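Scroll down for the structure; my scribbles are underneath it.
Quick caveat, the model's predicted, so the values are computed rather than measured.
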Amino acid sequence: MNELEKIIAERREQLAGLLALTSQQEAAVAHAHMNELMRVLEEKQKLTAPLVALSQKLKRTFDSLAFPPEVSAPYRLQHEECNAMHRELIARENACEKSLAAVRGEISERAVHGDEARRAATGYSRSRTELPRGNQLDLSSDE
């Protein structure tokens with residue numbers, strides 16, 4: 001296998017890994033599991049840097065050749081598949097970003113409403129425990 005075919009195969013593996021992590025990312029965003037989202041994004045970052053380096057290596061290797069390289073048909077198909085996977089990855093990332101913005105808004109709104117309810121409950125419990133003593137009307141007497 002020549003150098004370009006090795007790079008193409010490795011690039012395909014990395015893109016497949018990123019797409020699998022993107023599925024986990026989508027689930028974390030959909031369920032507003034922010035801790036899980038942060039874990040997945042960290043894992044994706046570990047794969048993204050090597051993918052970028054590999055893509056740059058592929059371009060440098062291709063550009064350094066004086067004539068079109070000999071790449072077997074299966075690897076040409078894999079290269080086309082890699083390009084399609086890359087486009088899918090970008091589209092799904094954009095969709096995740098939009099979904100995350102919506103989820104953040106919902107979480108923020110719930111936090112505001114929850115804070116208002118806590119303040120109301122605190123105020124209510126204080127007013128019940130802080131009733132004035134001595135000047136109360138006693139309705140229990142007969143006279």
| task | Under the salt bridge (Lys or Arg N to Asp or Glu O under 4.0 Å) rule, collect the residues that match up with E80, sequence neighbours excluded. | result |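 So E80 forms no salt bridge (Lys or Arg N to Asp or Glu O under 4.0 Å) with any residue.
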How many angstroms lie between [atom1] in [X] and [atom2] in [Y], if you round to the nearest 0.5 Å?
X   : Y   : atom1 : atom2 : value
I8  : R76 : CD1   : CZ    : 9.5 Å
L4  : Y75 : CG    : OH    : 11.5 Å
S55 : I7  : OG    : CD1   : 9.5 Å
E5  : E10 : CD    : CD    : 14.0 Å
K46 : L41 : NZ    : CG    : 12.0 Å
C82 : R12 : SG    : CZ    : 7.0 Å

Should [X] and [Y] count as side-chain neighbours, where that means a heavy-atom distance under 4.5 Å?
X   : Y    : value
L77 : E81  : no
M34 : L100 : yes
S23 : R92  : yes

| query | Tracing side-chain links under 4.5 Å among I, L, V, M, F, W and Y, which residues wind up in one group with L21? | reply |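 Under the 4.5 Å side-chain rule, L21 groups with L15, L18, L19, V40, L47, L51, M85, L89.
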| R39 and E42 ion-paired at < 4.0 Å |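 Here R39 does not pair with E42 in a salt bridge, since their nearest N and O are not under 4.0 Å apart.
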| message | I'd like to know if K6 pairs up with E3 as an ion pair, taking the criterion as any Lys NZ or Arg NE/NH1/NH2 lying under 4.0 Å from an Asp or Glu carboxylate oxygen. | response |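 Salt bridge between K6 and E3, a charged N being under 4.0 Å from a carboxylate O: no.
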| Which heavy-atom pair separates R11 from L54 by the least distance, and what is that distance? |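 For R11 versus L54, the nearest heavy atoms are N-CD2, 3.3 Å.
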| Contact summary for Q14 and P50, nearest pair of heavy atoms |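 Closest approach of Q14 to P50, heavy atoms only: NE2-CB, 3.5 Å.
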| said: Counting only heavy atoms not in N35 (residues, nucleotides, ligands), do more than 12 fall under 6.0 Å from its CG? | reply: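 No, because the 6.0 Å sphere around CG of N35 holds 12 heavy atoms or fewer from other groups.
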| said: Main chain of A27, side chain of H31: is a donor-acceptor contact present, judged purely on distance under 3.5 Å? | reply: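 The answer is yes, because a donor-acceptor pair under 3.5 Å joins these two groups.
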